[in-house]
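Residues: numbered from 1 along the sequence shown.
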Amino acid sequence: MEWIRRETIGHGSFSTVSLATTSGSSTTTLFPPLIAVKSSGVVCSAALMNERYVLDYLGDSSEIVRCFGEGKTVENGEEVYNLFLEYASGGNLADRIKNSGEGLPEFEVRRFTRSIVKGLCHIHKNGFSHCDLKLENVLVFDDGYDHVKISDFGLAKRTRSSEEVVGGAEIRGTPLYMAPECVNHGEFESPADIWALGCSVVEMSSGKTAWCLDEGDMMGSNNNVMSLMVRIGSGDEVPRIPVELSEEGKDFVSKCFVKDAAERWTAQMLLDHPFLAVDDGHESGGSYLSLRCGEEDEASVSPRNPFDFPGWNSVHSPVNESVRFSSLVRSPEERISGLVSEMIVVPDWSVSCDWVNVR
Ligand SMILES: Nc1ncnc2c1ncn2[C@@H]1O[C@H](COP(=O)(O)OP(=O)(O)OP(=O)(O)O)[C@@H](O)[C@H]1O
């Protein structure tokens, strides 16, 4: 494919994202005239290559950003690795909410959440965990109506099999979205994506990141990673659920914020939650109508645990994960301190949306 790099449209900890125009035969065959090119120096392109691998494996899904391939260029004397992605003209969902200065109306929260959950179902069924779900990684597309897709698979990993020992010192993702088992045991599996989904719904609905709803607590004088990790990892506290959400919305989020990962709802279970039953007509099937005409009672029944649900599917997949740091068995207290102050390998702490990313 021939392409020309245009303006920069995004920055991440691993890469720079540019708009690009395609030319030649590509415009009439495989590639759209505008694409996004995600680039990093070849020497530090492991995350981008991982993203390419995962996107290839996942194949086409209408809830996951599409990848058109990869290529290398030499720019300013440096060899650059480029990933070609479909271009999201609406940018990311976090910016959209930040710019509007408030949360989204609930019908939009429901619609976007439904897409994210469908995307997670696809990812988890294929044996992967995303490991960095947050609104910055949810892109907005406008094809006559707004819809969203999950992006940024740089930290995605194979789901661990039940026999595999957890990498106790592994860290990935963004602290504000981390689940208790990530903080306490370095366990980054599909339930952790569901916890991050709950944080994303809170943010969509309130306009504020989860944990920051308690004004002046996390964002004020006590703004530090240690206290956040302790809150996430210990006790019964979960992020506050926005009052503006409907009862169905509150129930949905509460199913994501179950501290015990084994008891947390799966993406497949959440797909049938009444909060997601509204169909705005852009999806096939008119599920809203059919629900209203007969299935409402059945769909509203909340299973009491993950094994109590008719649509529950167990996902077991082969292991192919290289743990980033050596495995250690440590107590939660030691681990939390370690995450914050004494990393075995010093992480890249980069500021993102008033908080830090841990790599
Ligand atoms: N396909 C795309 N279309 C439009 N904008 C995009 C696209 N991909 C990424 N962006 C923009 O670039 C930003 C950074 O991209 P991305 O999160 O994928 O990079 P990253 O290096 O993996 O970042 P991080 O891991 O720190 O979140 C996104 O938040 C989004 O605003």
Side-chain angles (χ1 to χ4, degrees), residues 13 94 120 129-137 155 157 160 166-206 208-242 250 252-266 270 324-325 328-344 347-359:
S13 15
L120 287 178
S129 313
H130 184 280
C131 300
D132 199 17
L133 182 67
K134 55 183 175 179
L135 295 190
E136 282 165 304
N137 292 336
L155 294 179
K157 61 181 271 294
R160 182 177 57 89
V166 174
E170 185 188 14
I171 310 185
R172 38 178 91 215
T174 307
L176 268 177
Y177 298 80
M178 269 185 200
E181 69 274 15
C182 305
V183 171
N184 290 333
H185 310 296
E187 207 176 285
F188 292 82
E189 303 301 326
S190 53
D193 287 342
I194 301 300
W195 181 279
L197 169 74
C199 296
S200 304
V201 176
V202 167
E203 195 173 338
M204 275 191 266
S205 143
S206 67
K208 292 178 183 168
T209 48
W211 298 110
C212 299
L213 268 186
D214 301 319
E215 212 68 67
D217 196 353
M218 298 313 300
M219 300 302 288
S221 57
N222 194 23
N223 180 8
N224 67 67
V225 182
M226 181 68 178
S227 60
L228 175 65
M229 294 290 189
V230 170
R231 284 175 81 183
I232 295 173
S234 59
D236 295 330
E237 188 186 2
V238 299
R240 194 151 62 78
I241 299 176
K250 289 182 180 127
F252 181 93
V253 174
S254 74
K255 301 297 188 266
C256 302
F257 289 151
V258 175
K259 282 224 155 181
D260 180 351
E263 295 288 315
R264 202 171 298 147
W265 278 33
T266 65
L270 289 169
R324 291 183 156 206
F325 310 117
L328 294 178
V329 178
R330 299 192 291 179
S331 71
E333 292 75 19
E334 286 170 327
R335 193 182 145 67
I336 291 169
S337 306
L339 292 182
V340 177
S341 59
E342 48 173 58
M343 294 298 304
I344 299 158
D348 169 15
W349 300 86
S350 58
V351 176
S352 168
C353 192
D354 301 318
W355 204 256
V356 289
N357 289 331
V358 182
R359 303 291 179 209

Taking side chain as C-beta onward, heavy atoms only, is Cys199 less than 4.5 Å from Lys134?
no
Considering only heavy atoms from C-beta outward, does the side chain of Leu270 approach that of Leu197 to under 4.5 Å?
yes
Between Ile232 and Trp211 the two heavy atoms that sit nearest each other are CG1-CZ2, 3.5 Å
Measuring from Trp265:CH2 to Phe257:CZ, what's the distance to the nearest 0.5 Å?
15.0 Å
Set of residues satisfying side chain to side chain contact (heavy atoms under 4.5 Å, CB included) with respect to Asp260, sequence neighbours excluded
Ala262, Glu263
Less than 4.5 Å apart, any side-chain heavy atom of Pro180 and any of Arg264?
yes
Is the side chain of Asp193 donor-acceptor paired with the backbone N or O of Cys131 at a distance under 3.5 Å, no angle test?
yes
Any donor-acceptor N or O pair under 3.5 Å, side chains Ser129, Lys157:
no
Mind checking side chain to side chain contact (heavy atoms under 4.5 Å, CB included) for Ala192 and listing every partner two or more places apart, or none if nothing turns up?
Ala179, Glu181, Cys182
Note, Leu155 side chain near His130 side chain (heavy atom, < 4.5 Å):
no
Counting C-beta onward and ignoring hydrogens, is there a side-chain heavy-atom pair between Cys256 and Trp195 closer than 4.5 Å?
no
Please list, chain by chain and in numerical order, all residues satisfying side chain to side chain contact (heavy atoms under 4.5 Å, CB included) with Ser200, sequence neighbours excluded.
Leu133, Leu135, Tyr177
Would you check if the side chain of Arg160 reaches a backbone N or O of Glu189 as a donor-acceptor pair within less than 3.5 Å?
no
Enter the distance from Leu176:CG to Cys212:SG here, rounded to the nearest 0.5 Å.
5.0 Å
Drop me the distance from Lys259's NZ to Ser234's OG, to the nearest 0.5 angstrom.
6.0 Å
Can a donor-acceptor pair be found, under 3.5 Å and without considering hydrogens, that links the side chain of Asn184 to the backbone of Gly233?
yes
Would you call Thr266 and Ile194 a side-chain contact if the rule is heavy atoms closer than 4.5 Å?
no
